[in-house]
Number of protein chains: 2
Amino acid sequence: MSPSKAARPLRKRPGHYHHGDLRRALLQEAVRVIQAQGVETLTLRAVGERLGVSRTALYRHFADKAALLTAVAREGFRVLRLELLAAWGTGGLDQFQAMGAAYVHFAVEHPSHYRVMFGGFVKGEPDPEFAEEASGAFQALVDAIVFLQKAGDMRTDDPMQLAQYIWAVVHGVAMLAIDGQIEHQGATVDELTRFALERLRTGTAPDEVTRPV
Amino acid sequence: MSPSKAARPLRKRPGHYHHGDLRRALLQEAVRVIQAQGVETLTLRAVGERLGVSRTALYRHFADKAALLTAVAREGFRVLRLELLAAWGTGGLDQFQAMGAAYVHFAVEHPSHYRVMFGGFVKGEPDPEFAEEASGAFQALVDAIVFLQKAGDMRTDDPMQLAQYIWAVVHGVAMLAIDGQIEHQGATVDELTRFALERLRTGTAPDEVTRPV
DNA sequence: ACCTGAACACCGTTCAAGT
DNA sequence: ACCTGAACACCGTTCAAGT
């Protein structure tokens, strides 16, 4: 068996002074632990040990534990944005539905990531890069809404307000799904997601009582 | 200045062996700390010290820290249910809107309570009393939906599914509000709540294209 | 029954010192 | 520049002992 040929060394070779790309390895390992066992079990000491590095080495790359979590959240928003954009594609009402489904799907596939992103771990206005990534994902939604409005497929309220509302809906479904509150009641996440997106579409449809022909 | 005449002694009188109602005092103090500084700063040692009690006295009343938090969450669901019922009153479409507003209001007024209730601190199926309280609040919503359906004021989908959807909407708004993501964008929580409830109403209205007279 | 005090096995973080 | 190892000030939890 040859060792895994991962692009980056996960573990420092003993005796070697430098790790190579410790920052990336730290992030990767943090995500792995969070994914596997939850945020609250993440300890910096265990991360260091697993990487074959002293427990204080981390402080060369992150100010503290909160900074590490912020970096994880930032990465989460980046991936989320990409998946939203992929679902949206060239745009349209059906693709908008797909975007909503992709949102919930992301949360369900990366529950711990999602919790770090929205769990209140990122306080105040700490990291500008984080804020940029988060608002980037939000912007993908706003853009889609404006597109639909121009096509006459969505009511023409303030796009920002619509975006916040729609975000709240998928965010709510995602959170309940992660907390297991949906399946606990005999329903499935997919069913609820479909239903929610259908209600959402009805609720945001253009109110053209008399459609101009 | 006479001392506050609170019904229960917050602090044990030194020398006295029993506290009086330590369980209630612990709960009360935990809520105070969480409210003031957030869940993550809550330490059992500080709680004990503030109550003038050893740091292990707590274990006579709660199995561990998680059990204390579960008790806080349970109390939160109880208060939430009461406030939802108060807003609903004798029922009706307007009262249903008031119920939604009351939900968001509760979250905004008790953000740390709310975080404990939904932050994933309560794992698995630990406390039956907690589960009962949580599903009691949910039931208030289901009952209101059935009422509206009978009155012909809401579409007649499965009430459970509708309830989950509506819960997701207000939950989403509440979470975004608590995270400061709404005001961060120049909007107010009240505006978004109003808008969301309006869209919600449109999306769940009975689809009677031809209304029977 | 209820509370105490010492002890255990952990944390995150700091800091002088090494390479 | 980057990493180390000891140390500091914390945690939650246990347990024999007191009343």
Side-chain angles (χ1 to χ4, degrees), chain A residues 8-30 33-34 36-73 116 119-123 126, chain B residues 8-30 33-34 37-73 116 119-123 126-127:
Chain A
R8 311 280 175 172
L10 181 65
R11 211 167 192 298
K12 196 193 71 163
R13 279 168 300 176
H16 272 245
Y17 185 63
H18 287 79
H19 176 92
D21 193 349
L22 183 54
R23 193 193 139 88
R24 178 185 299 264
L26 286 165
L27 214 43
Q28 190 175 315
E29 174 63 12
V33 172
I34 293 175
Q37 311 166 49
V39 206
E40 60 279 2
T41 75
L42 177 73
T43 74
L44 302 187
R45 293 161 112 96
V47 168
E49 192 172 347
R50 191 150 203 281
L51 261 41
V53 129
S54 109
R55 39 185 188 258
T56 59
L58 177 142
Y59 290 90
R60 289 298 122 197
H61 299 280
F62 299 97
D64 50 22
K65 191 180 185 178
L68 177 64
L69 288 179
T70 299
V72 170
V116 175
F121 296 95
V122 190
K123 307 262 189 182
Chain B
R8 311 280 175 172
L10 181 64
R11 212 169 190 296
K12 194 192 71 160
R13 280 168 300 175
H16 272 246
Y17 184 63
H18 287 81
H19 175 90
D21 193 349
L22 183 55
R23 195 193 140 88
R24 179 187 298 265
L26 286 165
L27 214 43
Q28 191 177 313
E29 174 64 12
V33 172
I34 293 174
Q37 312 167 49
V39 206
E40 61 280 1
T41 74
L42 177 73
T43 74
L44 302 187
R45 292 162 111 95
V47 168
E49 192 171 351
R50 191 151 203 280
L51 261 39
V53 126
S54 110
R55 41 184 187 259
T56 58
L58 178 141
Y59 290 90
R60 288 298 124 195
H61 299 280
F62 299 97
D64 50 22
K65 191 179 186 179
L68 177 63
L69 289 178
T70 299
V72 170
V116 176
F121 296 95
V122 190
K123 307 261 188 183
D127 189 324

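Here is the naming used below: chain letters follow the sequence lines, and residue numbers restart at 1 for every chain.
- Note that the CD1 atom of A/Ile34 and the CG atom of A/Leu42 stand 5.0 Å from one another [nearest 0.5 Å].
- For the pair A/Glu49 CD and C/dG12 P, the interatomic distance rounds to 12 Å; values are reported in whole Å.
- B/Leu27 and B/Ala71 make their closest contact through CD1-CB, 3.6 Å (heavy atoms, listed as atom of the first residue, atom of the second, distance).
- When rounded to the nearest whole Å, the span between CZ of A/Phe62 and P of C/dG12 equals 15 Å.
- Annotation: side-chain hydrogen bond (donor to acceptor under 3.5 Å, both in side chains) contacts involving residues 52-61 of chain B, sequence neighbours excluded, comprise B/Ser54-B/Thr56.
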For nucleotides 13-16 of chain D, list the nitrogen or oxygen atoms of the protein found under 3.5 Å from its nitrogen or oxygen atoms, one pair per line.
unit_1	atom_1	unit_2	atom_2	d
D/dT13	OP2	B/Tyr59	OH	3.0
D/dT13	OP2	B/Lys65	N	3.0
D/dT13	O5'	B/Tyr59	OH	3.2

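- With A/Leu58 as reference, A/Leu68 is the one residue of A/Leu68, A/Leu22, A/Val53 to meet the side-chain contact (heavy atoms from CB on, under 4.5 Å) rule.
- To the nearest angstrom, P of C/dC3 lies 10 Å from CG of B/Leu51.
- At whole-Å resolution of the value, CZ in A/Arg23 and P in D/dC3 are 13 Å apart.
- Using a 4.0 Å cut-off, some side-chain N or O of A/His61 falls inside it from OP1 or OP2 of D/dC3.
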Its dot-bracket string being built from Watson-Crick and G-U pairs below 3.5 Å, with | for another strand and [ ] for crossing, DNA chain D has the pattern ||.|||||...|||||.||
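- Backbone-only engagement by A/Leu42 is indicated by non-hydrogen atom pairs under 4.0 Å involving sugar-phosphate atoms exclusively.
- Note that CD of B/Glu49 and CZ of B/Arg45 are 10.0 Å apart. Values are rounded to the nearest 0.5 Å.
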